[in-house]
Every structure is written in structure tokens, then in C-alpha cells.
Amino acid sequence: MQALHIAKRCGVFVLIVWLAATLNFFLPKLSGQDPVRSKLLQQASLGGYVQSGIEDMIKVYDQRFGLDKPLWRQYVTYLENTAKLDFNYSIANYPRTVNEMIAESVPWTVALLGLTTLFSFALGTFLGALLAWPRAPAWMAWLMPPLWALHAIPFFLLGLILTYVLAFQFALLPIFGGYSPGVTPTLTWGFVSDLVSHATLPALSIILVSTGGWALGMRGMMVTTMGEDYVNFAEAKGLKSRTVFLRYCVRNAILPQVTALALALGQVLSGAVLVEVIFGYPGIGTLLFQAIRENDHFLIQGIVFLVIVALGLATLVLDICYPLMDPRISHRRN
Amino acid sequence: MQGVLRYLSRNRSLLVGIGLLGLLALFLIIGHFTVDLTKVRPLSARPLQEPSWRYPFGTDRQGRDLLAVMVAGTPLTLRIGFIAGVLGVGIGTVLAFVGAYYRGITDTIIRGIADIGLTVPGLLVLIIIAVSIKGSLTVNQMAMVVASLAWLYPTRTIRAQVLSLRERGYVEIARMSGVSGPGIIFTELMPNMLPYLAATLVNAVSAAILASIGLEVLGLGPMESPTLGMTLYWVNFNAAMINGWWWWWTAPTVVIITVFLGLFFLTVGLDELANPRLRRSN
């Protein structure tokens, strides 16, 4: 039945991808906007004089982008292109393709978000487990209120405050960007430390906020787990406190945390987009921000689609790996 | 009354939540009567003034009095959150009850949509929606955009709650005594869900405010309205941080943090009220 479950999950994934593509295609059509026309008119008005022949230009561009064909034909072509991961040209930065632009910024986001999410998940889970453990050092109790309070604040607001204190007032860290202007990216020690110092503030604001959430969740699960009979039994048996903590409590309480991780990825990403915008970090979020400013529909759609697919994949992988962590679930019906 | 006070002294989270939101309400009410709200318009004050007696919160680069912006803009942001939250929880409650009580294919579909929808990064879908209806978004339209996804989470959590409630003995008895489906939902299930629904609502309002501020910071909000998120958009747009205009972002940041902390502690407090097992015995 393992295969059936995996097949089902893959089916859901395909459904997500299809829905995302369809949404991407039809929503802008529903609005009755014409990106080609608005871009041309915008450029004409920037030029400062009324241009003749705009209608002809629109017609040519419509042909070029296939916008003169019937809607269903466009939809099929769109799905075909999407399946090939071809998102056409960027409208604002023609002749660059959407793929080129996304490919440039993806590594930044993956590195920042991947590392911070894993780190805060591990740290938060660990802290949460200790917070619920009666034999943990007493000062741990003082961690709770600040963790709670931080958890309620949006990523980017904390980012603003951190920037002001650490980067503006004390000038410990750079304020803006992914690396210092004028530096060529090379694999040298100097460049790497420049990268790290630029990433510290965005990373810190994500970690500080999300660690609290993981700690809260884990603490709740730990309290429930510690009330279980098998934990009592383990203690009565005289097992070492450490063994009871790690092998009996944490081992079982961590399972819902992993499920929560799969669900939280989307939220973390939404928050991270804004963090990137605030810090001018050259990832997906900043690219999206620019695309929105420049009304670059193809770029916006490409980014949204790719992110949804990437997150869908991550959730799929987590879900398929889940039985490895929890042997009770082997997707077998009895 | 005394009972309420005694309960509040035990439920500190609820107290802190109500306190923070009360402070904010006080600020808004007093501000509403004492502050000249025409000063929210650009060019109504000298631009870029540091906080002083005349402009306690300072002024921004376009010449808005930031005190007036806070007094006029905070209710707008709260309104977006409230409309979207109420719609989200309302739709979510109906779907959850219909799904969880009657089960069957309807339930499978509702659960499927909610589960799939939740794994998708909400802000990005909202961006696509907001970009599609750009033009000039009003505050109410903004609320509708946010509400379009705000029902997913409530549906999921309320459904789980109803599923456990419907197996209780008293529901069983009502069913055997021939009470109809809607009758059971409204007289047996709903009253027991009320505190939980309240906690879910506060949570949904908070999430909706977060989503609306996110959209606004990205420049997809109501451009002409002085909401908290739009203020932050202008902060970012004018690079106030690098230029050292600290007062410009301090005011909205403090207000937003108060809102979120207040709502967060209110949820925690209501959770405790809804779920007596969490109550500490002392």
C-alpha cells in the first residue's frame, strides 16, 4: 500500500501544480487588463508626446506573444509552456527571460531560507523540549515570555528594528543588499565573509521570530507526551533521566512538529519575501517586489508558480519521508 | 463581575491581551477627538520634522502628520483584519460544520481543498489576486482580497474540533431523541464551540492583518489610504532607514507590534478559556 499512498500524494502534487497554473492564467484575464497595452502606453507617456501607431504596435506584440488566438488555445499553450517551465520573456526587462531572472535569485533565497528554517526548527524544538522538562535549569523559564512575544511579531518588523539598532546605530553590520557594491563574486574568504555579514540581519530576524513558534509547539507536545504511561513506566524502571528525555519524550513529541514543518513552510516563505524586500536581499522576494513595481506580469506569475511548485515538492518529500520517522505509520491498511 | 475579575487574575494572557488592545483603543478614541485628521493628507505639514510638541510623532517626507496618520490609519488596518477575519471564520464555520457533521463526499472535498490550500504560500496567491484587480484598491476591496484565503485555516481547525464533539454522549442522545441535523448543530454543538470559535476569530483577524500589511508593504495596497501597511510602504519607498528618519517607522512599528501582541495574548487567553484542560490549578 506504500506505493498507493505515494501515488496519491503525487496526484495531489500534480493537482496543486495544475491549479496554480490555471489560477495564474485566468486571474489576470478576468481583470480585463492588457499588459502589452498598458506597458506601451506607459512608455509613450514617459516619452512625453502622443505616439501614433500604438494600436498597430499592440497588434504586432499580441501576435508575437500569441494573444490574438482564442482563449482555450492560449490556455493550452500556456499549460504546455508551463509544463516545460518556460515562462516567456520579462515584460519590463525584455529580452531577458523570466527563467534567467529567477535562476539568478533562487540560490539567495534557498540559502537564506533553507538555513534559517532548519536552524530555527532545530533550536526551537530543542528549547521547547527543555522548557517542558521539569529537570531543566531554572533560568530556562525566563526564556518563555520573550520567545512568546517575539513569535507574535512579523518577521520584517523585527528586521526593521534590528537594522536600526545593529546596522544604523552601531554600524556593526551592513544595512542593505546581498554583498557590498562593487565587489565581484568570487570564492575567496573575503567575499564569503562579506556574504555572511550581509545575510546575518535577515537571517537573525527570521530565526528570532520563528524559533518561538517551534518552541511553543514542541512544549505543548512534550507536556502531553510526559503524561503518558510509558514515560511513567520508564521513570519507575529507573532509566537515566537523559534516556527518558531523549528516547521516550522527545522521540515521540517531535513527530507532530515535523507535520507542522510541512504546513509552516508556506507561511515562513510568505514572511521571508517581506524580509528580503526590507533588506534589499537579492532573492526571490526582492525580484517579486521589483516585478510588482514594474507591472511585470510574466515575471510575477513565473515566480509565484515556481514557488508554489517548490513548496509543493518540499511538502511531498516531507510527507513521503514521514514513515521513516514514525514506524507506526506505514501507509498500510489493516 | 467579581468572578470575572478573579478569572482574569488567573488568566494572565487574557488580561495582558485585553490590556494592550484597551490601551490602543484609548489612544485611538482620544486621538479621534483631539487630533486634526485633515493632517493625514500629504503636504498638510512641514515634511520630515522630528517629533516635537507640535508633531508628537514627527512628519513624513510627503508632509503628513504621523500622529494623525496613526489615529486615522490604525482603524483602517483593523477594519481590513476584522472584515476578512469575520468572513473567513464565518465561511470556515459553515463549511466545517457541514463537512464534519454530515461527512461523506462533501467532507472529503472540503477537507481536500483546505488541506491543499494551506500548503500553498498564502501571500503569493494574494499577490496574484491583488495584481489582477489592480487599479485603485479600496480598503474594503483589500479586505475581500485577504478574505479569499482567510477561511482555509478556520475550516481545518474547526472541522477537527467538531469531529471530536460529534461523538460525545450528549450529541448521541440528541440524535437518538430525533433532533434534526441543523438542530443538533445549533443547540448542541455550537454553544459548546463558542469559546473556541472566539479564539479562532481572534487568530484569523491577526492573520488577516498580517496578510494585508504584507500586501501593502509590497505596494499592492490602497495607495490613497493611510493604513499602517501603506505607511511602512512609504518608509521603505523613501529609504527612511538609511536616511536616519527614525520617527517615520517607529510610530507604525510600535502600533503594529501592540496590535499583534494584544491579539496574540488574547488568543492564548481565549484558548485557555475554551480548553479548561490547559488551566493551571492554583
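Fair warning: this is a prediction, and the values are worked out from it, not measured in the lab.
Contacts between A:Q301 and chain B at a heavy-atom distance below 4.5 Å involve backbone atoms as well as side-chain atoms. For A:L150, no part lies near chain B; criterion is any non-hydrogen pair under 4.5 Å. In this structure, chain B has a heavy atom under 4.5 Å from the side chain of A:L274, while its backbone stays farther away. The contact between B:I242 and chain A is made by backbone and side chain atoms together, counting heavy-atom distances below 4.5 Å. For B:L263, no part sits under 4.5 Å from any heavy atom of chain A, backbone or side chain. Contacts between B:L126 and chain A at a heavy-atom distance below 4.5 Å are absent for every atom of the residue. Residue B:F237 touches chain A through both its backbone and its side chain, counting heavy-atom pairs closer than 4.5 Å. In this structure, the portion of A:L15 lying under 4.5 Å from any heavy atom of chain B is its side chain and not its backbone. For A:F168, the part sitting under 4.5 Å from any heavy atom of chain B is the side chain, from C-beta outward, and nothing else. Using a 4.5 Å cut-off between heavy atoms, A:F156 touches chain B through its side chain atoms alone.
Taking the six-membered ring where tryptophan is involved, the planes of A:Y75 and A:F26 are tilted, since the angle between them lies from 30° to 60°. In this structure, A:Y78 and A:F25 have tilted ring planes: the angle between them lies in the 30° to 60° band.
A:V98 approaches A:G302 most closely through the heavy-atom pair CG1-CA, 4.2 Å. Closest heavy-atom contact between B:T59 and B:W247: O-NE1, 2.9 Å.
Each of A:I308, A:L27, A:V304 was evaluated against B:V125; a single residue qualifies, A:I308, per the side-chain contact (heavy atoms from CB on, under 4.5 Å) test.
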Evaluation steps, salt bridge (charged side-chain N to carboxylate O under 4.0 Å, His left out), between B:R103 and B:D107: CA-CA 5 Å; B:R103 310 302 305 268; B:D107 187 39; 3.1 Å; yes

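Other residues, nucleotides and ligands contribute more than 12 heavy atoms inside 6.0 Å of the CZ atom of B:F264.
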